[in-house]
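Below is one structure, written out as structure tokens; comments come after it.
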Amino acid sequence: MTAPSTAPGHELPFDLVGVGIGPFNLSLAALADGVPGFRSLFLDAKPAFSWHPGLLMEGTTLQVPFLADLVTMADPTSPWSYLNYIRCHDRMFKFFFSERFHIPRREYDHYCRWVAERLASCRFDARVTALEWDENANAFAVVYRCADGDRTRVLARQVVLGVGTDPVVPEPLRPLLSDAHTGRVLHSADYRAHRARLAAADDVTVVGAGQSGAEVALDLLRTQDGNGQGGPYVRWLARTAAFAPMEYSKIGLEHFTPDYTSYFRHLPEAAREHLVREQWQLYKGVSEETLGQMYDELYERTIGGGEPRAALQPGVELVEARADGDGYLLTCRNRQQDSLFEIRTCAVVSATGYAASRPAFLDGIGDMVDWDGKGRYQVDGQYRVALDPRVSGALYVQNAETHTHGVGAPDLTLGAWRAATILNAAAGRTVLPLSPRQAFTTFGVPRAQESAVPTAVSPATSAPAGTGR
Ligand SMILES: Cc1cc2nc3c(=O)[nH]c(=O)nc-3n(C[C@H](O)[C@H](O)[C@H](O)COP(=O)(O)OP(=O)(O)OC[C@H]3O[C@@H](n4cnc5c(N)ncnc54)[C@H](O)[C@@H]3O)c2cc1C
């Protein structure tokens, strides 16, 4: 194999090279745009920006307000805001009258693409294949490959990983993903590519009671007509004891603030792990709106005495799965009753989430990363990964730090704030001022001032007796 070439004009190290251009590194690229003297480059393997294309269904919306765009929560004056995107597309009045806080997911994808196409620092069709520490250059060497096979090497004083997460499929289904039935056992990340085939099946089982599972089950249900005819029989299985709504109370959402992130980061590891498991409803539930739509769809089917061609089964764990004739035989366990039962189905959509994994291109510096006892990054308050002291450059991560920073790591709410934190650290100065105190909730032991009992309450403003609860 020939040595990778150095990109002309790029012999000097970049201040920052980003691997991956999902929303999180795109946010960093947008915030870094125009920062005087700061040279950055962002690389993505895809031919162009696209955001979870397998689940970009009509009618689905972002689960966070549009203000959680790429920049606004850190820099509302940025030209890369969602509102400026709307203005540049001459849709200001339409957006205003639509009164939408939660914008269509397809629109969020289009907005991000609009930004990515305009930032000179973003390069697509560039798969990073190796990351090494070049002692002579005192910089990271990042090697990337284009679709035509050309390999390029650039130097970077600092690198930020924003490579996203990988689909997770339950163990019993894994062997079926690649058998002759391909296309009928799949992860929800590939749903849209197989939608037509699934809609034509007699019966589809959706496994997983998160937002993706709900959206897939609802979408399949809607391929039936109003009387429940046509389309597949839809079975929706949840391991959890209930099809639970995602926490969306105002105070509950304060878990997605810098205050909570900072509190969480300083807890002992055992407490952090316990909390992430316990807080599943902050990131794994279904939006109340989608649950309502599912219910309304089922209700429609009962008009005139009909029965929905659907089954909703919580508390069910998939134990075994095997090909059976034209379809599949699933052995399931009701977790509360501890009893087994079987399901025959034509197709299975595994909407069972995503997990961070260690990218192969890191092998070149694998022994320089100070992994924790479970082989994960140790991430500090500036999102820097702990490295061997021989490495003078910094390596940052985005969306691989739930174990150190809590449930906000994959959430778009904190994306711009985290990107601005990294930008300030990478630039070595405050490019964007950030206040760490944003929540009303006091997380942890109160500081002296907060714990002091308030003194006199003026009689004129105190509540009359008997009105409190
Ligand atoms: C369907 C869906 C809907 C979601 N909706 C919401 C929501 O409404 N609100 C919310 O808060 N969160 C949401 N999330 C969670 C989260 O915000 C998203 O998953 C988000 O896309 C994560 O962004 P990311 O930048 O970490 O990764 P990704 O968007 O996964 O992007 C990673 C990028 O890295 C690239 N890459 C990987 N390896 C390499 C390599 N070696 N070289 C070059 N490029 C590489 C990939 O091509 C990809 O483009 C959703 C998640 C899903 C799956």
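Note that the numbering runs from 1 along the sequence shown for the chain. Counting starts at 1 for both ligands and their atoms, following the listed order. Owing to the predicted nature of the structure, the values given are computational and were not obtained by experimental measurement.
If you check each of P47, A45, A189 against atom 44 (N) of ligand 1, the one with the closest non-hydrogen atom is A45. Ranked by closest heavy atom to atom 11 (O) of ligand 1, the top entry among L412, D125, L161 is L412. Within the set T61, L55, T129, the minimum heavy-atom distance to atom 1 (C) of ligand 1 is found for L55. Between G164, G408, A130, P410, it is P410 that holds the heavy atom closest to atom 17 (O) of ligand 1.
Closest to atom 36 (N) of ligand 1, if we only count protein heavy atoms, is G20 CA, 4.0 Å. Of all protein heavy atoms, the one closest to atom 26 (O) of ligand 1 is N399 ND2, 2.9 Å. From the protein, the heavy atom lying nearest to atom 38 (N) of ligand 1 is V163 CG1, 3.7 Å. Closest to atom 24 (P) of ligand 1, if we only count protein heavy atoms, is F24 CD1, 3.6 Å. Protein heavy atom at the shortest distance from atom 20 (C) of ligand 1 is W51 NE1, 3.6 Å. Nearest non-hydrogen protein atom to atom 18 (C) of ligand 1 is H52 NE2, 3.4 Å.
In terms of polar-atom proximity, defined here as any N/O pair under 3.5 Å, D44 does make such a contact with ligand 1. Ligand 1 has an N or O atom lying under 3.5 Å from an N or O atom of Q63, backbone or side chain. When only interatomic distances are considered, the shortest N/O to N/O separation between V64 and ligand 1 does not fall below 3.5 Å. No N or O atom of R127 sits closer than 3.5 Å to an N or O atom of ligand 1.
More than 12 heavy atoms of other residues, nucleotides or ligands sit less than 6.0 Å from atom NZ of K46.
Side-chain contact annotation: Y191 with D219, donor-acceptor N/O pair under 3.5 Å present. Side-chain N/O atoms of S81 and D69 include no donor and acceptor closer than 3.5 Å. Side-chain contact annotation: Y82 with E107, donor-acceptor N/O pair under 3.5 Å present. Neither side chain, T165 nor N399, offers a donor N or O lying under 3.5 Å from an acceptor on the other.
Residue L62 approaches ligand 1 through these ligand atoms, each under 4.0 Å from one of its heavy atoms: 8 (O).
Of the heavy atoms in F361, only side-chain atoms (C-beta onward) come closer than 4.0 Å to ligand 1.
Ring to ring, H255 and F443 are close: their centroids are under 6.0 angstrom apart. Ring pair F24/Y383: centre-to-centre distance not below 6.0 Å.
Within the 4.0 Å heavy-atom shell around ligand 1 one finds A126. Contact annotation: Y354 has at least one heavy atom less than 4.0 Å from an atom of ligand 1. Residue contacts with ligand 1 leave out P359, since none of its heavy atoms falls under 4.0 Å from the ligand.
Here E269 pairs with R376 in a salt bridge; the nearest charged N to carboxylate O distance falls below 4.0 Å.
Cation-pi geometry between R100 and F66 is not met at under 6.0 angstrom from the ring centre and within 45 degrees of the axis.
Under the 3.5 Å distance criterion, the side-chain polar atoms of H403 are matched with a main-chain donor or acceptor of Y377.
When the side-chain hydrogen bond (donor to acceptor under 3.5 Å, both in side chains) test is applied to E215, the partners found at least two apart in sequence or on another chain are R105, Q211.
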